[in-house]
Asker: 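One structure is given below, represented as structure tokens, and several questions about it will come after.
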Amino acid sequence: MLDIQQLRADPENIGSRLAKRGYTFPAAQFQWLEAQRKSIQTQTQELQAKRNATSKQIGIAKQKGEDATAIMAEIAHLGDELKQAESQLERIQSELQQLLLTIPNLAHSSVPEGKSETDNLEIRRWGTPRSFDFTIKDHVSIGEELGLLDFETAAKLSGARFNVMKGGIAHLHRALAQFMLDTHTQEHGYTEIYVPYLVNADCLQGTGQLPKFEEDLFAVHAGTSGHMGATTSTGHDSFKLYLIPTAEVPLTNIVRNEIIPLEQLPLKLVAHTPCFRSEAGSYGKDTRGLIRQHQFEKVELVHIVHPQTSYEALEQLVSHAEKILQKLELPYRVMTLCTSDMGFSAAKTYDIEVWLPAQKAYREISSCSNCEAFQARRMQARFRNEKGKPELLHTLNGSGLAIGRTLVAILENYQNRDGSLTIPSVLQSYMGGLDRLTIEDGK
RNA sequence: GGAGAGAUGGCCGAGUGGUCGAAGGCGCUCCCCUGCUAAGGGAGUAUAGGCUCAAAAAGCUUAUCGAGGGUUCGAAUCCCUCUCUCUCCGCCA
């Protein structure tokens, strides 16, 4: 959420900065709502003040044993008037709030302006793609020929965009998660966190998935019913829970409605969770293989930091994600996303793209964003600053890494002529010393 | 799933209709006193809004005692619904 003070003070400037990300700010609607809000709020508060003062007088009079009927008559009709004003105010404020909740974050000044992903800026490359002296296969063929990747069974169980892994690949998949968690906790100073995979709507509103992107989520209801009308403080149905689309949601919302003592900052959190995405709007995209699934695993990094250090933190965060690829010896490049390619909540995003030989392309494997105070404002996530006053935190998140896609990269980059797969050396200790998966293993 | 108890400020805890944003204590900050230490005295100490203001400071004002709704001139206090926590029983990975 943007700062409403800033929007009031300088709507043209904010509007033009939002236009760079392809968002048209409804300035006229905003200003109309603001004008309404101002007059109705003033009126409401005057009525409330009058009620409070008069009621106080009645109290004093009654305590003295005096007759208060004259004063009571004076405000006999005030109740109705007030009720009407209050409900009007509530309506206009929720309209304003809804508008505010659908406005994306402002891009940081260092973000390149652009219209599509072709305007993203490559900032560095690491590693050299391996040259193969045989005809290479994509990860689906490799996995299926090993007998360890089974999309048909997955389709029987759940439908398209799910997968079943077996034996060595299932093990490798698990090993990757362990390896990533160990690296971040032991070498990068993160605290490992276990979180719920089902969260309430307030969390998703906090990180920015709601109210705008509900169609991208999976939702579940607790039981059949019997909980009619239960709502959270923000008016959400408290029995509707959502499967997390990323651990960013529960991890970041840990600080929702909290005031963190200055000395506890920065918080560096890591969690390994499954992620669930409906992938609405991506029909026909990456339909083959593990690249785009309804369910996948991810190790997620979250930083909760002092506003002054959030851009340093972003560089660290990217370097932590990169470290995983370096240890796995997988070639990658780092991109700065342009204004129109960034996610809703981000002020600046680096994508890390790993080399996939079968696609002869770099593909996204991590996305690291500084959301500045955008999520913190939605969540009321604050810290006590140097002057002892509560101030909004900055939040950052990044994949470190997407496990399914890392597995894809390993399958394709470590494939051998005979159909076997070499295990990257850093993973061998997680695989009981195994250095190779062969076709025999899958039988 | 059944029975009961509870939810108040950073913490503890009082408050069952009226000058209550909330006694008291602890903690914290500042000041005074005390040649160190200990003890003592005084003041302050929630959050989010709105309005006035060029801005800051300041002033005025509204809301908030788990959440939402209701009764009332007036609700922390009464009523309803929900959530969460604790205790006991049952069930369960």
Side-chain angles (χ1 to χ4, degrees), chain A residues 1-10 31 33-97 100 194 196-203 205-206 221-241 253-264 373 376-393:
Chain A
M1 205 155 66
L2 300 181
D3 182 0
I4 192 165
Q5 314 276 8
Q6 222 182 333
L7 267 170
R8 283 186 194 126
D10 203 0
Q31 271 157 347
L33 283 171
E34 257 298 291
Q36 291 282 302
R37 191 228 91 227
K38 187 166 172 174
S39 91
I40 296 169
Q41 182 163 2
T42 307
Q43 185 202 346
T44 306
Q45 292 192 350
E46 275 168 9
L47 289 171
Q48 285 169 330
K50 190 174 173 188
R51 179 203 58 197
N52 291 348
T54 314
S55 294
K56 200 170 263 187
Q57 280 179 11
I58 294 171
I60 294 169
K62 287 215 168 172
Q63 227 160 38
K64 288 182 186 162
E66 292 168 8
D67 178 38
T69 50
I71 319 175
M72 283 167 74
E74 196 185 314
I75 52 163
H77 57 280
L78 192 110
D80 290 338
E81 222 178 312
L82 183 58
K83 226 169 240 178
Q84 203 192 341
E86 279 174 343
S87 77
Q88 261 186 58
L89 180 62
E90 200 182 327
R91 191 154 12 96
I92 206 86
Q93 279 186 325
S94 97
E95 235 178 288
L96 252 179
Q97 179 76 355
L100 240 43
Y194 174 84
Y197 304 154
L198 291 169
V199 295
N200 60 35
D202 290 345
C203 289
Q205 183 173 98
H221 272 93
T224 41
S225 71
H227 307 295
M228 300 300 287
T231 55
T232 67
S233 59
T234 45
H236 293 121
D237 179 348
S238 60
F239 285 91
K240 189 175 186 181
L241 293 174
N253 274 280
I254 286 174
V255 295
R256 177 157 54 93
N257 292 326
E258 298 289 337
I259 300 173
I260 308 297
L262 184 63
E263 60 272 17
Q264 282 182 20
R377 190 171 290 110
R378 291 171 158 248
M379 295 190 297
Q380 279 305 302
R382 294 165 293 168
F383 69 103
R384 209 165 280 285
N385 68 17
E386 292 78 354
K387 290 177 185 160
K389 287 288 156 207
E391 185 180 333
L392 292 171
L393 289 156

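All heavy atoms count here, side chains included; hydrogens, waters and symmetry mates do not. Every chain is numbered from 1, with letters handed out A, B, ... down the list of sequences. All figures in this text were calculated on a predicted structure; none of them were measured in a lab.
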Asker: What distance, rounded to whole Å, do you find between the two P atoms, one in B/U19 and one in B/U34?
Answerer: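 My reading of the P atoms in B/U19 and B/U34 gives 43 Å.
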Asker: In this structure, how many angstroms lie between the P atom of B/G18 and the CE atom of A/M72, rounded?
Answerer: 15 Å
Asker: Checking A/L47 against A/E81 for the side-chain contact (heavy atoms from CB on, under 4.5 Å) test, could you report, in this order, the C-alpha distance in whole Å, the side-chain angles of both residues, the deciding distance, and whether it holds?
Answerer: CA-CA 8 Å; A/L47 289 171; A/E81 222 178 312; 3.8 Å; yes
Asker: With C1' as the reference atom in both, quote the distance from B/G21 to B/A48 in angstrom, rounded to an integer.
Answerer: 14 Å
Asker: I need the full list of side-chain hydrogen bond (donor to acceptor under 3.5 Å, both in side chains) pairs touching residues 45-55 of chain A, with sequence neighbours left out, sorted by first then second residue.
Answerer: A/Q48-A/E86
Asker: Pick from A/E34, A/K38, A/Q36: which one makes a side-chain contact (heavy atoms from CB on, under 4.5 Å) with A/I92?
Answerer: A/Q36
Asker: Determine the contact category for A/K62: base if any of its heavy atoms lies under 4.0 Å from a base atom, sugar-phosphate if only primed atoms, P, OP1 or OP2 are that close, otherwise nothing.
Answerer: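 A/K62: base contact, heavy atoms under 4.0 Å.
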Asker: Please measure how far the C1' atom in B/G13 lies from the corresponding atom in B/A7, and state the result in whole Å.
Answerer: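 Those two atoms are separated by 13 Å.
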Asker: Find the distance A/E46:CD to B/U52:P and express it as a whole number of Å.
Answerer: 11 Å
Asker: Considering only atom P, compute the distance from B/G24 to B/C79 and round it to an integer number of Å.
Answerer: 29 Å
Asker: Without decimals, in angstroms, what is the distance between A/N200 CG and B/G68 P?
Answerer: 15 Å
Asker: Hey, what do you get for NZ (A/K62) to CD1 (A/I60), rounding to the nearest 0.5 Å?
Answerer: 13.5 Å
Asker: Reading RNA chain B from 5' onward, which residue's closest nucleotide shows up sooner: A/I60 or A/A49?
Answerer: A/I60
Asker: Passes side-chain contact (heavy atoms from CB on, under 4.5 Å), A/L2 versus A/L100? Steps please.
Answerer: CA-CA 7 Å; A/L2 300 181; A/L100 240 43; 5.9 Å; no
Asker: Determine the Euclidean distance between corresponding P atoms of B/C60 and B/U45; express it in Å to zero decimal places.
Answerer: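 B/U45 and B/C60 have their P atoms separated by 14 Å.
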Asker: Which residues satisfy the salt bridge (Lys or Arg N to Asp or Glu O under 4.0 Å) test with A/E95, sequence neighbours excluded?
Answerer: none
Asker: Please list residues of residues 80-87 of chain A whose heavy atoms come under 4.0 Å from any atom in RNA chain B, ordered by number; otherwise none.
Answerer: A/K83
Asker: Output the rounded distance in Å from CD (A/Q97) to C1' (B/A63).
Answerer: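 Those two atoms, CD and C1', are 15 Å apart.
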Asker: Mind checking the P distance from B/C12 to B/C33? Whole angstroms is fine.
Answerer: 36 Å
Asker: Mind checking A/I58 for me? I need base, sugar-phosphate or nothing, with any heavy atom below 4.0 Å counting as a touch.
Answerer: base
Asker: Start with the C-alpha gap between A/Q93 and A/R37, add the side-chain angles, then the distance that decides, and say whether side-chain contact (heavy atoms from CB on, under 4.5 Å) holds.
Answerer: CA-CA 7 Å; A/Q93 279 186 325; A/R37 191 228 91 227; 4.1 Å; yes
Asker: Could you tell me how far apart A/E258 (CD) and B/G10 (C1') are, to the nearest whole angstrom?
Answerer: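 Spelled out: CD on A/E258 to C1' on B/G10 is 12 Å.
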Asker: In dot-bracket form, 5' to 3', how is RNA chain B paired? Count Watson-Crick and G-U wobble pairs only if both distances fall under 3.5 Å, and write | where the partner sits on another strand.
Answerer: ((((((((.[[[..)..(.....]]]((((((.......))))))(((((((.....))))))).[[[[[..)....]]]]])))))))....
Asker: Provide the distance between the two P atoms, one in B/U29 and one in B/A46, to the nearest whole Å.
Answerer: 15 Å
Asker: Which comes earlier along RNA chain B counting from the 5' end, the contact point of A/N52 or that of A/K64, where each point is its nearest nucleotide?
Answerer: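 Closer to the 5' end of RNA chain B: A/K64.
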Asker: Is any side-chain heavy atom of A/L241 closer than 4.5 Å to a side-chain heavy atom of A/N200?
Answerer: yes
Asker: For a 4.5 angstrom cut-off between non-hydrogen side-chain atoms, does A/R384 reach A/I260?
Answerer: no
Asker: When you compare the side chain of A/L262 with that of A/N385, does any pair of heavy atoms fall below 4.5 Å?
Answerer: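 When only atoms from C-beta onward are counted, A/L262 and A/N385 do not touch, as no gap falls below 4.5 Å.
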Asker: Quickly work out the A/L89 CG to B/U61 P distance and round it to whole Å.
Answerer: 19 Å
Asker: Please lay out, stage by stage, how A/Q380 and A/E258 fare under the test side-chain contact (heavy atoms from CB on, under 4.5 Å).
Answerer: CA-CA 7 Å; A/Q380 279 305 302; A/E258 298 289 337; over 6 Å; no
Asker: Check whether any side-chain heavy atom of A/Q205 lies under 4.5 Å from a side-chain heavy atom of A/R378, and answer yes or no.
Answerer: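 They are in contact (side-chain heavy atoms under 4.5 Å apart), so the answer is yes.
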Asker: Spell out protein contact along nucleotides 43-50 of chain B as letters: B when the base is contacted, S when just the sugar-phosphate is, - when no protein heavy atom is under 4.0 Å; keep the 5' to 3' order.
Answerer: ----SSBS
Asker: Could you tell me how far B/G66 sits from B/U85 if I compare only their C1' atoms? Round to whole Å.
Answerer: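 These two C1' atoms come out 10 Å apart once rounded.
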Asker: Who are the salt bridge (Lys or Arg N to Asp or Glu O under 4.0 Å) partners of A/R382, not counting sequence neighbours?
Answerer: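 A/R382: no salt bridge (Lys or Arg N to Asp or Glu O under 4.0 Å) contacts found.
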Asker: Nearest whole Å is fine: how far is B/C73 P from A/I75 CD1?
Answerer: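 It is 8 Å, rounded to the nearest whole Å.
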Asker: Using whole Å, what does the distance between atom C1' of nucleotide B/U19 and atom CD1 of A/I71 come to?
Answerer: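 My rounded result for the distance is 13 Å.
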